[in-house]
Amino acid sequence: MRTGLADAGGLLAGVVLDSAFGDPRRWHPVAGFGRAAAALERRLYAPNRVAGLRYAGVAIAVPTALAGFAAAATRRRPLARAVLTAAVTWTVLGGASLRREAAMMARALDGGDLAAARARLPHLCGRDPSTLDGAELARATVESVAENTADAVVGPLFWAAVAGLPGLVGYRAVNTLDAMVGHRSARYARFGTAAARLDDLANLAPARLTAALTAVAAPAVAGSAAGALRTWLRDGHRHPSPNAGRCEAAMAGALGVRLGGRNVYTGRVEDRPALGAGAPPGPNDVRRAARLSALVGAGALAAAVGYALAGRR
């Protein structure tokens with residue numbers, strides 16, 4: 001029971017730290033992991049799936065094992081366990097930074113400052129912002145908020161509740177590798193397959209939990225719970241991602257907007273199906289999406305804390 005209280009208290013403290021301070025500005029452990037993973041890639045890279053599987057296995061297993069050792073070492077030391085869980089949770093979560101970026105985008109769009117809005121978009125997603133107008137910048141932001149609510153908030157809390165510190169660290173390692181190599185460029189089309197598929201598996205439950213919590217919380221931002229549920233079930237599977245589409249469709253239905261369309265990335269163009277049947281989102285919808293993301297995160301935290309306590313009992 002003391003271990004469960006330590007885990008639950010650490011999760012709660014980590015979320016409070018993220019809300020108060022956002023991402024650590026210096027010596028960020030996730031950034032350090034990214035540098036180590038990049039160095040490992042230079043040693044193991046080959047343009048095939050076997051090399052990518054070897055790379056992903058090493059890059060994920062090492063930090064996850066270290067977290068497992070730390071969890072075992074603090075099993076009978078609840079205060080140290082709570083502090084460690086809080087610190088790791090804070091560094092893994094990204095909800096506050098996500099909401100801050102959305103708020104800055106909304107202000108730039110409200111002021112008609114397209115140059116500032118385009119400069120902010122790379123902080124949220126990998127699209128080429130150079131030709132996007134205000135409506136497309138708003139759409140990109142709402143979609144990014146929806147997807148990253150699962151990736152940066154709900155996913156870490158889900159795996160922390162289910163598997164403790166190893167789950168928290170392992171999930172972030174998987175998610176970071178997917179961002180680094182799990183895309184369809186010429187270099188990573190085969191090498192990044194293992195990282196991309198592992199990320200899909202790790203996010204199956206968190207993405208659907210995010211969509212469900214989006215529907216539950218929608219009325220708090222003058223949105224529609226029924227619209228979120230209906231759009232999620234009708235349109236979510238049409239997205240090329242097995243997970244992001246569920247989150248984005250639920251967000252579109254909750255806000256009463258239409259997402260999807262042509263996305264331009266460096267070196268490729270994707271035409272995605274429409275999600276939702278409303279008007280394109282605007283600056284106020286960006287703010288509503290950020291508030292909804294915060295509410296979804298609060299719901300995920302309550303579920304994670306409750307599960308951690310119940311699981312220990």
Side-chain angles (χ1 to χ4, degrees), residues 34 38 41 45 47-49 52 98 101-102 104-106 108-109 112-152 175-200 203 207 210-211 231-232 234-253 255 257-283 285-286 289:
E41 180 193 339
Y45 177 81
N48 59 69
R49 291 189 175 93
L98 177 64
E101 289 295 335
M104 296 174 71
M105 177 66 77
L109 293 175
D113 191 346
L114 285 182
R118 288 168 178 162
R120 292 239 64 85
L121 190 63
H123 294 266
L124 288 162
C125 64
R127 298 180 203 176
D128 179 3
S130 60
T131 62
L132 298 184
D133 60 13
E136 284 297 297
L137 288 163
R139 176 174 72 86
T141 303
V142 172
E143 290 174 354
S144 181
V145 168
E147 179 179 3
N148 284 295
T149 297
D151 288 351
N175 193 250
T176 302
L177 289 188
D178 178 60
M180 293 176 65
V181 305
H183 39 84
R184 300 186 186 96
S185 67
R187 177 177 176 85
Y188 297 124
R190 296 175 67 82
F191 182 80
T193 298
R197 296 294 79 79
L198 286 170
D199 186 71
D200 288 343
N203 276 299
T210 300
T231 308
W232 166 23
R234 184 191 67 204
D235 296 342
H237 69 281
R238 302 172 62 201
H239 193 282
S241 166
N243 299 316
R246 272 64 179 181
C247 306
E248 293 179 18
M251 181 69 78
L255 301 180
V257 300
R258 184 179 69 253
L259 302 177
R262 172 161 290 196
N263 295 346
V264 179
Y265 302 91
T266 302
R268 74 184 196 278
V269 176
E270 295 184 8
D271 288 304
R272 296 184 176 178
L275 307 176
D285 297 309
V286 172

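We count residues from 1, following the sequence as given. Basis for what follows: all heavy atoms, side chains included, without hydrogens, waters or symmetry-related copies.
The nearest pair of heavy atoms linking Tyr188 to Met180 is CE1-O, 3.7 Å. Counting all heavy atoms, side chain and backbone alike, Pro283 lies closest to Ala106 at O-CB, 3.8 Å. Annotation for Ala102 and Val286: closest pair O-CG1, 3.3 Å, computed over non-hydrogen atoms. Heavy-atom minimum distance, Ala249 versus Trp232: CB-CA, 3.8 Å. For Ala150 against Asn203, the heavy-atom pair with the smallest separation is O-OD1, 4.3 Å. Cys247 and Ala146 get closest at one heavy-atom pair: CB-O, 3.5 Å.
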* Do Leu259 and Val142 pass the side-chain contact (heavy atoms from CB on, under 4.5 Å) test, and can you show the C-alpha distance, the side-chain angles, and the key distance before you say yes or no? -> CA-CA 8 Å; Leu259 302 177; Val142 172; 4.0 Å; yes

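To the nearest 0.5 Å, atom NE2 of residue His123 and atom OG1 of residue Thr141 are 11.5 Å apart. To the nearest 0.5 Å, the span separating CG on Asp133 from CZ on Arg118 amounts to 8.0 Å. Between Thr193 atom OG1 and Arg190 atom CZ the span is 7.0 Å, to the nearest 0.5 Å. Atom CD of Glu248 sits about 12.0 Å away from atom OG1 of Thr210, to the nearest 0.5 Å. One finds the CD atom of Glu136 at 12.0 Å from the CG atom of Leu114 (value rounded to the nearest 0.5 Å). Once rounded to the nearest 0.5 Å, the distance linking CD of Glu147 with OG of Ser241 reads 6.0 Å.
Looking only at side-chain heavy atoms (C-beta outward), Arg197 and Arg49 stay at 4.5 Å or farther from each other. Looking at heavy atoms from C-beta onward, Val264 lies out of side-chain contact with Thr131 at the 4.5 angstrom threshold.
Partner His239 forms a side-chain contact (heavy atoms from CB on, under 4.5 Å) with one of Glu143, Arg246, Arg272 and no other, that one being Arg272. Only one option out of Asp178, Thr176, Leu177 pairs with Asp199 in a side-chain contact (heavy atoms from CB on, under 4.5 Å); it is Asp178.
Put simply, the side chain of Arg262 never gets that close to the backbone of Val269: no donor and acceptor are under 3.5 Å apart. Under a 3.5 Å cut-off, the side chain of Arg139 and the backbone N or O of Gly260 do form a donor-acceptor pair. Here the side chain of Asp235 pairs a donor or acceptor atom with the backbone of Gly276 at under 3.5 angstrom. Although no hydrogens or angles enter the test, the distance criterion places a donor-acceptor pair under 3.5 Å between the side chain of Ser144 and the main chain of Leu124. Although no hydrogens or angles enter the test, the distance criterion places no donor-acceptor pair under 3.5 Å between the side chain of Asn148 and the main chain of Asp151. Without hydrogens or angle criteria, Asn263 side chain to Glu270 main chain gives no donor-acceptor distance under 3.5 Å.
Between Phe191 and Tyr45, the ring-plane angle classifies as tilted under the 30° and 60° cut-offs.
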